[in-house]
Amino acid sequence: MSTRGEHLVRADRGFATGGGALARLTAPAFSKVLDQIDRQLACGCIETRLPDGSMRRLGSDTSGPKAVVRLSSWLALVRLATSGSVGWYKAWTLGEWSSPDPVGVFELFSANAVALGDIGRAKGPFRWINALAHRLRDNAPGKARQNIAAHYDLGNDFYGAWLDATMTYSSARFDTPGESLETAQLNKIAALLDRLDLKPGQRLLEIGCGWGTLAIEAARRGAHVVGLTLSREQKEWADRKIAEAGLEERIEIRLQDYRETDEQFDALASVEMVEAVGRRWWGTYLDSIARNLRAGGRAALQFISIDHRLFERYAKNADFIQTYIFPGGLLLDEQQFETLASERGLSWTDRESLRLDYAETLRRWRDSYNEAVSNGALRGFEEPFHNLWRYYLMYCEGGFRGGAIDVAQVTMAKATG
């Protein structure tokens, strides 16, 4: 009998992870990968224990990020060199490498992502296999529901065990260091709603409404809200919380694809949803915003992007997140996305980065997740899934700390003409 979340643990079926008999035979020769990393590290250093027990430092800049990696098998480097971050995760699950602080490893690779080039990306037939497997998860209307369900329908009890009381699954905004995560999440929502300058009685469309907290906060400001989600679990939770707040007359949560909506709204919000769209559908997503937003109306977006210099190589390689966590997902190339928005009469203003806020959010999520596991609050999930989820949270935290990825809020306004 399968356990909860097993579909994500086994999501690499159809993907290449760098193993096999030939890889084992040739693994020692891949020690040259260390030479390449050593030459190309632009900042920071890695203290590495090799399979024979010897130590080697990679990189000479001790002022940058510092990481510690223990290689128990040369096969870890085979997987990294041939299958990129997918293979590197697989190696971690098999004990082929370890670290007392994996976040530091991911931070260092993120900080050096441009300098390291393709060292951490799949190559040759491995890249083609993984690209095809990812392409088969494209977010066409029918497939999008399956992709969303794979992640968000793990269960409200699952997310409720480690998210804060707002059930907000996106970067918080810490105005002061000592704030609770719940307060910081409400800060983020307030900042987004402030961008919209909503007046009582106006209509707001939220594309990707999650568990409904932004919709509730907007309704408390007097707005009438339509929230879109493809997750039955999220809709069930949101409907209940809306009823508890006595806001049923002001909020409607729909199980509906953003491509199916064609109405007029005074404002629009979308928080970390566009990463689930995929490059093929960026224009369609922006068409939906332009179509549903009245002339002169505002849209507030919170989105995750990757360094423009990395995007094209990233887009051609299915990475760890796309393979195991968010099937069909893709981070934004902000430059390309802004251009597409402009072509549709949507401005792009008042950008604010929350990169380090997200790193702190992820750290707190990981602490809460580990506590939930220890308390037995996550029933039905086995240790391989817990390890996958911990790795995911550490991987993302390191990515934001290192700077290869960013999260930001931006205001878009539809032209009046």
Are side-chain heavy atoms of Phe320 and Phe106 found at a separation under 4.5 Å? no
When you compare the side chain of Glu96 with that of Arg70, does any pair of heavy atoms fall below 4.5 Å? no
Looking only at the side chains, is there a donor atom on one of Gln185 and Lys188 sitting less than 3.5 Å from an acceptor on the other? yes
For ring-ring contact (aromatic ring centres under 6.0 Å, His included), just list the numbers for Tyr159 and Trp211, CA-CA rounded to whole Å, side-chain angles, deciding distance to a tenth of an Å, and then say yes or no. CA-CA 10 Å; Tyr159 287 101; Trp211 287 272; 5.0 Å; yes
With a 4.5 Å heavy-atom cut-off, do Val225 and Arg250 have their side chains touching? no
State, yes or no, whether a side-chain contact exists between Phe311 and Leu330 at a heavy-atom distance under 4.5 Å. yes
Can we call the ring centroids of Phe381 and Trp389 under 6.0 Å apart? no
Does the side chain of Thr183 pick up a donor-acceptor pair with the side chain of Ser180 at under 3.5 Å? yes
In terms of ring plane angle, is the pair Trp88 and Phe109 parallel, tilted or perpendicular, where the classes change at 30° and 60°? tilted
What are the two closest heavy atoms between Thr168 and Leu163, and how far apart are they? O-CD2, 3.9 Å
Cationic N near anionic O, under 4.0 Å, Arg355 to Asp357: no
Under the side-chain contact (heavy atoms from CB on, under 4.5 Å) test against Asp307, which residue among Asp406, Asp333, Val114 passes? Val114
Do the numbers put Arg232 on top of the ring of Trp237, so that NZ or CZ is under 6.0 Å from the six-membered ring centre and no more than 45° off the axis? no
More than 12 non-hydrogen atoms from neighbouring residues, nucleotides or ligands closer than 6.0 Å to CZ on Arg351, yes or no? yes
Taking the six-membered ring for Trp, are Phe158 and Phe385 parallel (under 30°), tilted (30 to 60°) or perpendicular (over 60°)? perpendicular
Could you tell me if the side chain of Arg57 sits less than 4.5 Å from the side chain of Thr48, heavy atoms only? no
Surrounding CD of Glu249 (heavy atoms of other residues, nucleotides or ligands, distance under 6.0 Å), is the total greater than 12? no
Distance-only polar pair, side chains of Tyr358 and Ser170, donor-acceptor under 3.5 Å: no
Tell me whether Arg254 at atom CZ has more than 12 heavy atoms from other residues, nucleotides or ligands lying less than 6.0 Å away. yes
Exercise: do Glu272 and Ser171 side chains pair donor with acceptor under 3.5 Å: no
Among side-chain atoms of Arg173 and Gln409, is any donor-acceptor pair under 3.5 angstrom? no
Are Asn112 and Gln40 close enough that a side-chain donor and a side-chain acceptor fall under 3.5 Å? no
